[in-house]
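Quick caveat: nothing in here was measured; it's all calculated off a predicted structure. We count residues from 1, following the sequence as given.
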Amino acid sequence: MQPSAVQGRAGRHRNPVTIWLLWPVLTLGIYHLVWYYKINRETRDLGVIANPGVSVLAITLGALLLVPPFASYYQTGDRIAQAQRAAGMTPTCSPVIGLLLTVFLFGSGALYYQAEMNKIWDRFGNQAEGTIISLASGPSQ
């Protein structure tokens with residue numbers, strides 16, 4: 001008898017340039033917060049331990065304490081790498097690169113992180129958002 005497959009939910013394949021530049025400009029930065037919540041939720045839906053609301057809180061109000069936004073951007077990159085592993089891929093997302101791009105290159109960490117998330121959705125054939133997908137491994141720590 002084979003063990004039952006671990007399941008997750010497919011996320012949305014997004015254009016990295018659009019989420020990095022167009023929508024944040026048109027919405028005066030609000031879309032970045034919505035996007036950040038969504039990618040953290042999508043990693044959680046792939047079995048990675050994440051709290052999307054706390055992640056957004058860390059990059060907004062947490063900025064008053066200076067350290068939380070940096071920790072949150074780094075941890076998001078780590079979550080994406082864990083999600084890639086759960087999808088049966090070799091992780092290519094580097095939290096250090098994502099953090100450095102966010103801090104030093106006009107927030108382009110969003111561009112990088114979305115491109116890395118898109119690799120996961122490409123692996124599953126870009127199924128509709130919310131579709132149940134079979135993962136290679138269980139929840140990551």
Asks: To the nearest 0.5 Å, tell me how far I49 CD1 sits from Q82 CD.
Replies: 8.0 Å
Asks: Looking only at non-hydrogen atoms, find the nearest pair between A50 and T43 and report the distance.
Replies: CB-OG1, 4.0 Å
Asks: Give, for atom CD of E42 and atom CH2 of W121, the distance between the pair rounded to the nearest 0.5 Å.
Replies: 5.0 Å
Asks: Are more than 12 heavy atoms from other residues, nucleotides or ligands located less than 6.0 Å from atom CZ of R12?
Replies: no
Asks: Working to the nearest 0.5 angstrom, can you tell me the gap between S108 OG and I97 CD1?
Replies: 11.0 Å
Asks: Determine whether L99 and V96 fall in the same hydrophobic cluster, where Ile, Leu, Val, Met, Phe, Trp and Tyr are linked whenever their side-chain heavy atoms lie under 4.5 Å apart.
Replies: yes
Asks: Do Y112 and W20 have side chains that approach each other closer than 4.5 Å (heavy atoms only, starting at C-beta)?
Replies: no
Asks: Is there a chain of hydrophobic side chains (I, L, V, M, F, W, Y, each step under 4.5 Å between heavy atoms) that links V103 to I80?
Replies: yes
Asks: Using 0.5 Å steps for rounding, measure from the CG atom of N15 to the CG atom of N118.
Replies: 8.5 Å
Asks: Do you know the tightest heavy-atom contact between R85 and P91?
Replies: NH2-CG, 3.4 Å
Asks: Take the angle between the ring planes of Y36 and H32 and call it parallel below 30°, perpendicular above 60°, tilted in between.
Replies: parallel
Asks: Please find the pair of heavy atoms, one from Q114 and one from I19, that lie closest to each other, and give the distance.
Replies: CB-CD1, 3.8 Å
Asks: Rounded to the nearest 0.5 Å, what's the gap from OH on Y37 to CG on N51? Could you check?
Replies: 8.0 Å
Asks: Is I132 close to R9 at the side-chain level, that is, under 4.5 Å between some pair of heavy atoms?
Replies: yes
Asks: Is there a continuous path of hydrophobic side-chain contacts, each under 4.5 Å between heavy atoms, that joins L61 to L33?
Replies: no
Asks: Inspect the surroundings of OH in Y31 and state if more than 12 heavy atoms from other residues, nucleotides or ligands are less than 6.0 Å away.
Replies: yes
Asks: With side chains defined as the heavy atoms from C-beta onward, is the minimum distance between L46 and I133 less than 4.5 Å?
Replies: yes
Asks: Give the minimum heavy-atom separation between G77 and C93, together with the two atoms involved.
Replies: O-SG, 3.5 Å
Asks: Hey, quick one: are L101 and L22 part of the same hydrophobic cluster, counting side-chain heavy atoms closer than 4.5 Å, chains of contacts allowed?
Replies: yes
Asks: State yes or no: do L57 and W35 share one hydrophobic cluster built from I, L, V, M, F, W and Y residues joined by side-chain heavy-atom distances below 4.5 Å, directly or via other members?
Replies: no
Asks: Name all residues meeting the ring pair (Phe, Tyr, Trp, His ring centres under 6.0 Å) criterion together with Y113; count only those two or more places apart in sequence or in a different chain, and write none if there are none.
Replies: none
Asks: Looking only at non-hydrogen atoms, find the nearest pair between F124 and A87 and report the distance.
Replies: CE1-CB, 3.6 Å
Asks: Locate the shortest heavy-atom distance separating A63 from P69; write the atom from each residue and the value.
Replies: CA-CG, 3.6 Å
Asks: Do any N or O atoms from the side chain of S72 and from the backbone of P68 form a donor-acceptor pair under 3.5 angstrom?
Replies: no
Asks: Any chance you could measure I59, atom CD1, to T102, atom OG1, to the nearest 0.5 Å?
Replies: 9.5 Å
